[in-house]
Every structure is written in C-alpha cells, then in structure tokens.
Amino acid sequence: YQRRVHGEDNLKVVAAIPLDRLLLETDCPWCDIRPTHAGHKYVKTIFPSVKKEKFQPGSQVKNRNEPSNMIQVLEAVAGCRSDVESPAQLAEIVYQNTCRVFFPNE
C-alpha cells in the first residue's frame with residue numbers, strides 16, 4: 001500500500017480491490033504514511049516520533065515505519081473504501097483473509 005499509493009488515483013485502485021482478496025502490510029521499516037500522501041487524511045492514530053539521533057523509549061524514529069503503524073495502514077485503506085463502515089470492520093475482513101491464505105486447513 002504505502003510504497004505504491006501516494007496519490008488520489010492510486011487510492012481508487014486500493015478501493016477497487018475485492019475485499020476477499022485484500023491483505024495489508026506496513027512496508028516496514030521504510031515508507032511511513034506521510035502528510036504529503038493522499039491516504040494520510042484518513043489516518044487518525046499518530047505516534048510520537050523523534051530523529052534517530054534523539055531516540056528515546058516510547059517514541060518512534062521519525063520517518064521509519066514500525067509494525068505498530070499497521071493501524072495507520074488499516075485506517076488509510078478503510079478510509080478510501082465505501083464498502084466498509086470502519087477500520088474495525090476492515091480489520092476483521094483482513095484477518096479472515098489472512099487466515100484463509102496462510103492457514104487454510106484450520
């Protein structure tokens with residue numbers, strides 16, 4: 001999502017992916033969702049960040065994508081889709097897709 005979806009046109013591509021085919025990832029450790037990215041307007045969860053030279057526990061390194069940022073990816077994807085009511089609903093759909101792909105016999 002993040003590496004390829006920076007513009008409004010690309011958000012339309014994300015919105016067109018069938019829900020039963022959708023999986024999410026953070027592209028960590030690079031390419032966080034930045035204010036200049038079209039999907040940023042849907043991000044509600046913000047984490048404190050500092051330059052790597054000033055790192056301190058409880059903060060992220062500025063411009064580094066961390067696994068905890070998965071919520072931001074979820075919010076951005078949910079925000080650009082008209083077929084989901086909330087990030088929580090999309091999270092459940094993606095969870096079921098993930099189980100189907102990676103654990104098909106369970």
With a 3.5 Å distance limit and no angle check, can you tell me whether N97 reaches the backbone of L19 through a side-chain donor-acceptor pair? yes
Hey, is the main chain of R34 close enough, under 3.5 Å, to the side chain of H37 for a donor-acceptor pair? yes
Q72 side chain to T45 main-chain N or O, any donor-acceptor pair under 3.5 Å? yes
For E8 and K41, the nearest pair of non-hydrogen atoms, with its separation, is OE2-NZ, 2.5 Å
Separation between CD (E25) and CG (N65), nearest 0.5 Å, reads 8.5 Å
Could you check T26 against E66 for side-chain hydrogen bond (donor to acceptor under 3.5 Å, both in side chains), going step by step and ending with a plain yes or no? CA-CA 7 Å; T26 64; E66 303 284 350; over 6 Å; no
Strictly distance-based, threshold 3.5 Å: is any side-chain N or O of Q96 a donor or acceptor partner for the main-chain N or O of E92? no
Nearest non-hydrogen partners of P87 and A78, listed with the distance: CA-CB, 3.8 Å
Interatomic distance, D32 atom CG to N69 atom CG [nearest 0.5 angstrom]: 7.0 Å
Just by distance, do the side chain of Q60 and the backbone of V50 share a donor-acceptor pair under 3.5 Å? no
Tightest non-hydrogen contact, residues I33 and A76, listed as CD1-CB, 4.1 Å
Nearest-0.5 Å distance that lies between atom CD1 in I93 and atom CG in L22: 8.5 Å
Could you tell me whether the side chain of L74 reaches within less than 4.5 Å of the side chain of V77, counting heavy atoms only? no
CZ of R81 to CD of Q89: how many Å apart, nearest 0.5 Å? 10.0 Å
Smallest separation among heavy atoms of A38 and L11, with atom names: CB-CD1, 3.6 Å
When you measure from the side chain of R100 to the backbone N and O of Y95, does any donor-acceptor pair fall under 3.5 Å? no
